[in-house]
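What follows is one structure encoded as C-alpha cells, with my remarks underneath.
Because the structure is predicted, anything quoted here is derived from the model rather than measured. Naming: A, B, ... by sequence-line order, numbering from 1 per chain.
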Amino acid sequence: MLKSRTLILLISIGVIGLATPFSIASDQPQSVDVIAELIDQADDGATVTVPEGIYQGNLIVSKPITLLANGQVIIDALGSGTVIELRTEGITLRGFTVRGSGSTVDHEPAGVRAFDGPVIIEDNRFEDVYFGIDLRQSPETIIRNNFIIGKELELGRRGDGIRLWWSHGCVIQDNTAIDLRDMVFWYSEDLIIERNKVSQSRYGLHFMYSHNTVMSENELTDNSVGIYLMYSNNITLKHNRVVNNRGSSGYGIGLKDCDDIIIQDNALLANRVGVYIDNSPSSVDAVGLITRNRLSFNEIGLLATPITHDNVITENAFIENEEQVTVHGGGQLTLNSFEKDGRGNFWSDYAGFDLENDGIGDLPHAPRSLFRNLLAREPNLRIFVHSPAQQAIELTARAFPDLSPQPMFTDPHPLSSVPALQLMSSSDSTNPWPMAALSGGLLLASLSVGWFIIYTPGRSQTQRLHHLRSVDA
Amino acid sequence: MTTISNDQYCGLDHRSNFSPGHTSKGYCTLLFARREFLDALSSRWFLLYTIAFSMLSISVSYMSLAGSGSQGFAGFGRTTAGLLNLIMLVVPLMALIAGAGSIAGERERGTLLYLLAQPITRTELLFGKYIGLAVAMCCSMGFGFGLSASVLAWKAGGVGLGSFSMLILLTCMLSLAMLSVGMLLSVLSRRSGVATGLGLFCWLVLVFLSDLGLMAGTVIFKLRVQEVFAIAIFNPLQAFKMGVIVNMNASLDVLGPVGTYATRTFGDALSWLLALTIVAWIILPLLFAMLVFRKRGGV
C-alpha cells in the first residue's frame with residue numbers, strides 16, 4: 001500500500017516534471033471547495049464519498065448529509081480558523097484526517113465544531129488542532145473512535161480535546177486524546193462516556209454543572225488531574241483506570257461540590273492524590289459513596305477538606321499509599337462513615353488481627369501519626385518524608401502518648417484481606433527478561449570480582465605483606 | 001614512575017625487593033586494595049553485612065510487590081520508601097564504621113608504621129585501602145541488589161528497571177561518600193575505638209540530628225522553601241533520597257513545596273546537581289584525609 005503510493009508519487013513527480021500543465025497528481029493539494037461542490041450537488045440525506053487526497057482550507061457543512069472519506073482524506077486548514085464546521089443537524093463525518101486549525105485563543109479554533117445536533121463524528125483522526133471536537137448545543141451527538149492529538153503548547157495555553165456545551169444525551173466512546181487541555185462537559189446531562197483514553201493533558205475528564213451521567217472504563221494516565229467533577233450531581237464512575245496523574249495540585253478523581261456521586265470499582269494508582277473530596281456532598285440530604293476501589297501507590301490515598309461529611313467509604317483497598325487518608329489543613333473526618341453494614345476497608349498499614357477469621361479485623365483502624373499532623377500544619381516539612389528522621393518522630397510519638405495526636409478517621413471494621421475487586425486491568429504487560437538479566441549480571445559481577453581478586457597472580461606480594469604484618473603481630 | 005624522589009616514600013626505598021616490572025604507583029595501590037579486600041572478606045562484619053543487606057532488600061522487594069501483583073504495577077509506595085529508609089540507615093552505618101576502622105585500627109595495632117616502612121607512599125596506602133573497601137562494599141551490595149532484582153523480575157516483570165538501576169548506582173555512590181568520611185575520621189583519630197565512636201556519631205548526625213534540627217528550624221524560623229532546600233541538600237543522605245525520588249517520579253513534587261521549588265528551579269539539571277553533591281562528598285573528605293595522612297603518617 002505504502003509502496004504503491006510512493007511509486008505513484010514518484011511517477012507523478014516525474015510526470016509533473018515532464019508535462020506540468022497537462023496533469024494533476026492525486027497527491028497535489030486541492031482546495032476544500034472541491035468537497036464543498038460535491039456537497040452542493042448532493043441531496044439532503046445523501047452520502048458523499050470524498051476521494052483520497054489533501055484538501056486545504058476551511059470546510060463548512062450546512063446540509064444534513066453523510067460525509068465519508070475514501071482512503072486517506074486530509075483536510076488541512078493551514079493553521080487558520082476551524083477546520084470543519086457542522087452547521088446543521090443530521091451530519092455524519094467519518095474517516096477523515098483533520099489537521100492544522102488555528103491556534104489563537106480568541107476564536108477557539110477547532111478540528112470540528114458542531115452548532116446543532118444530533119451529528120455523528122466517527123473514526124476521524126485530528127492532528128495539530130487547537131480544540132479537537134467542540135459541540136455547541138448539539139444534543140444526542142455521537143463522538144466515537146476519534147484520535148485527537150493537540151498542538152505543542154504549554155498546559156494552560158492548550159485547547160480542549162473534546163468540549164460539550166449545552167449538549168444533552170451525547171455518546172462519547174472509544175476516543176483517544178493526547179497533549180490537550182481537558183475533555184470537558186459543560187451543562188450537558190445524561191451522557192454516556194465509555195472507554196476513552198486521555199493522557200498527557202490537563203484534566204482527563206472534566207465535568208462542569210453536568211448531571212446524571214455514567215462514566216465507565218475510561219483510562220486516564222499522565223494527566224495533571226484524572227477526573228474532576230465540579231458542581232455536577234448524580235454521577236457514577238465505574239471501572240475507570242486512573243494512573244499517574246500528578247500535577248502539582250493534581251488528583252486521580254476530584255469532587256467539588258457534587259451531590260450523590262458513586263465511585264465504584266476504579267483503579268486509582270500512583271496519582272498525587274487518589275480521591276480528593278472538596279465539600280461533597282454539599283446539599284443537606286445528599287450522600288457520596290466510594291466503594292470497591294483500589295487506591296495504591298498514591299502520594300495520598302484519600303484527601304478531604306475538613307468540612308466534608310456524609311460520605312460512605314467502604315470495601316476499598318488502600319494499599320501502600322504514602323498517606324492513606326488525610327485532611328486538608330488538619331482536622332478529622334468524623335462526619336463520614338468508613339464502613340457500611342459492618343464492613344470497612346482494607347488498609348495495608350492495619351496493625352490489628354482477625355482472631356475469629358471472619359475477614360473483619362478485631363481492632364478498629366485509627367491511625368495516628370505525629371509527622372502527618374506536622375505536615376498538615378507545615379507543608380515545607382514534606383521534604384523529610386521517606387527519611388529515618390520521620391520514623392524517629394513517629395517513634396517518639398508512640399513512646400510518649402501525650403504527643404500522639406487524635407486519629408484523623410476511624411474504620412471500626414477494617415477488612416483483614418484485600419476484597420475481590422472487579423477492576424479494569426492494565427493493557428500493557430512488561431518483559432521480565434531485562435530485570436532478570438540485571439539480576440544475573442549483578443550477581444555474576446559481584447561474585448566474579450571477588451573471585452578475580454582472590455585468585456589474581458599478585459598473590460605472592462600480598463602474602464609477603466601479610467607475612468610482614470603477621471611478623472609484627 | 002621511576003623518578004619518584006625518596007622523600008615521598010615513608011622510610012627507605014625497598015622497591016628493589018619487589019619483582020621488577022610491577023613497581024608502578026598504580027600497582028602498589030592495587031596491591032593494597034587487594035589486601036584490604038581480602039581482609040574484608042575474611043572479617044565477620046562483611047559477611048554479616050552482606051547477609052543482612054541481602055535478606056532485608058529481598059524481603060522489602062517481595063513485600064512491596066505483594067499488594068500490586070494483580071495490577072502489574074509497581075510504584076513509589078510505602079515499601080519502596082521502606083527500602084530507601086533501609087538503605088539510608090544501613091549503608092552509611094556500615095561504610096562509616098568500615099572506613100573508620102581502616103587506618104585507626106592499623107595505627108593502634110602498630111602495623112601502620114610497618115606498612116609505611118614498605119616502599120609505598122602514604123597516598124598509595126590510603127588510596128589502596130579506600131579502593132579495597134569500596135570494591136568490597138559494592139560487591140556486597142551488588143549481591144544483595146542482584147537477589148532483590150530476581151525477586152522483582154519474578155513478581156513484577158521489568159517494571160521499574162530504570163529506576164531500580166539508578167537506585168543501585170546511587171546507593172553505591174552513597175556508600176563511597178560515607179566511606180570517604182569514615183576514612184577521614186580514621187586518619188584523624190589515634191585509636192580505633194575513638195574512630196568508631198566518631199563514625200557512629202557522624203552517622204547519628206547525618207541520619208537523624210541534622211534532619212531533626214532542620215525540621216525544628218523550618219518550624220521555628222519559618223524558613224522559606226529555597227532556604228530549606230539549600231540546607232537540606234548539604235546532607236548527602238538527603239541528596240541521595242532526592243536523587244532516587246527524582247529518578248522514580250521525574251519530579252520532586254512528592255516532597256511538597258520544597259520539592260516543587262527544586263523541580264521548577266533546576267529542571268533537568270536537578271539530578272545532576274544531586275549527583276554532584278554526592279560526588280563532592282566522595283572526593284572532598286578523601287582529599288582532606290589524604291592531606292592529613294601525608295602530614296601525620298603512622299603516628
Side-chain angles (χ1 to χ4, degrees), chain A residues 243 246 248 267 269-270 272 294 296-297 299 319-322 348-349 374-375 378-389 391-393 418 423 425-426 428-436 438-443 445-447 449-450 453-454 456 458 461-462 465-466 468-469 472-473, chain B residues 18 31 34-35 37-38 41 64 67-68 71-73 75-79 81 84-85 88-89 109-111 114 118 135 139-140 142-143 145-147 149-150 152-154 157-159 161 165 207-208 211-212 215 218-219 223 225 228-229 232 237-238 241 245 253-260:
Chain A
V243 180
R246 33 192 344 146
S248 43
L269 311 173
R272 195 188 70 92
R294 175 188 284 263
S296 293
F297 298 115
E299 224 30 59
I319 299 169
E320 292 289 326
N321 301 291
E322 173 49 32
S348 59
D349 56 339
L374 284 176
L375 277 187
E378 183 62 65
N380 279 358
L381 290 182
R382 190 174 285 275
I383 193 177
F384 299 104
V385 298
H386 309 309
S387 72
Q391 313 293 328
I393 287 188
V418 180
L423 305 175
S425 63
S426 161
D428 43 31
S429 64
T430 54
N431 182 3
W433 291 113
M435 190 60 105
L438 177 74
S439 160
L442 280 173
L443 291 174
S446 52
L447 291 177
V449 163
I453 292 175
I454 294 168
T456 38
Q461 269 89 352
T462 316
L465 285 169
H466 271 280
L468 288 168
R469 219 183 117 194
D472 182 78
Chain B
F18 284 83
L31 211 60
R34 177 163 181 251
R35 174 178 164 270
F37 184 87
L38 294 175
L41 278 196
S64 71
S68 65
Q71 287 285 306
F73 188 88
F76 189 85
R78 284 185 165 210
T79 320
L84 209 55
N85 256 315
M88 286 166 74
L89 281 173
R109 285 197 299 272
T111 46
Y114 218 95
Q118 301 302 310
V135 172
C139 275
S140 142
F143 189 76
F145 278 126
L147 289 178
S150 61
L152 290 176
W154 169 46
V159 177
L161 180 72
S165 316
V207 173
F208 293 111
D211 280 6
L212 290 172
M215 272 187 213
T218 309
V219 175
L223 293 179
V225 281
V228 177
F229 180 72
L237 287 170
Q238 285 289 349
K241 184 190 84 181
I245 293 175
D253 290 342
V254 175
L255 300 180
V258 180
T260 307

Distance (rounded to the nearest 0.5 Å) between [X] [atom1] and [Y] [atom2]:
X: B/L255; Y: A/N380; atom1: CG; atom2: CG; result: 11.5 Å
X: B/M215; Y: A/E378; atom1: CE; atom2: CD; result: 11.5 Å
X: B/T260; Y: A/R382; atom1: OG1; atom2: CZ; result: 9.5 Å
X: A/L447; Y: B/C139; atom1: CG; atom2: SG; result: 8.0 Å
X: B/L89; Y: A/Q391; atom1: CG; atom2: CD; result: 8.0 Å
X: A/S387; Y: B/L237; atom1: OG; atom2: CG; result: 9.0 Å

Practice task
Heavy atoms only: give me the nearest A/P388-B/N85 pair and the separation to one decimal.
Solution key: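 Scanning both residues, the minimum pair turns out to be N-OD1, 3.0 Å.
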Handout entry: Selection from A/L375, A/L442, A/I383 maximising heavy-atom pairs under 4.5 Å formed with chain B
Key =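 Looking at each option in turn, the highest pair count goes to A/I383.
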Practice task
Give the member of B/G146, B/S150, B/G142 that has the highest number of heavy-atom pairs under 4.5 Å with chain A.
Solution key: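 Counting heavy-atom pairs under 4.5 Å, the top option is B/G146.
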Problem - Contact class of B/F145 relative to chain A, heavy atoms under 4.5 angstrom - result: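 For B/F145, heavy atoms of backbone and side chain both lie under 4.5 Å from chain A.
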Exercise for the section: Please flag which part of A/L374 lies under 4.5 Å from any non-hydrogen atom of chain B: side chain, backbone, both or neither. Expected result: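 Nothing of A/L374, per the 4.5 Å heavy-atom cut-off to chain B.
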Problem - Proximity breakdown for A/V418 and chain B, heavy-atom pairs closer than 4.5 Å - result: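 Contact with chain B involves no heavy atom of A/V418 at all.
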Handout entry: Side chains of B/I245 and A/H386 in contact at under 4.5 Å (non-hydrogen atoms)
Key =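 B/I245 vs A/H386: side chains touch.
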Handout entry: Set of residues satisfying side chain to side chain contact (heavy atoms under 4.5 Å, CB included) with respect to B/L147, sequence neighbours excluded
Key =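 Checked B/L147 against side chain to side chain contact (heavy atoms under 4.5 Å, CB included); matches are A/L443, B/S54, B/I58, B/F143.
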Practice task
Under the side-chain hydrogen bond (donor to acceptor under 3.5 Å, both in side chains) rule, collect the residues that match up with A/S439, sequence neighbours excluded.
Solution key: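 side-chain hydrogen bond (donor to acceptor under 3.5 Å, both in side chains) check on A/S439 returns nothing, list empty.
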Practice task
Give the C-alpha distance, both sets of side-chain angles, the deciding distance and a yes or no for side chain to side chain contact (heavy atoms under 4.5 Å, CB included) between B/L212 and A/I393.
Solution key: CA-CA 9 Å; B/L212 290 172; A/I393 287 188; 3.8 Å; yes
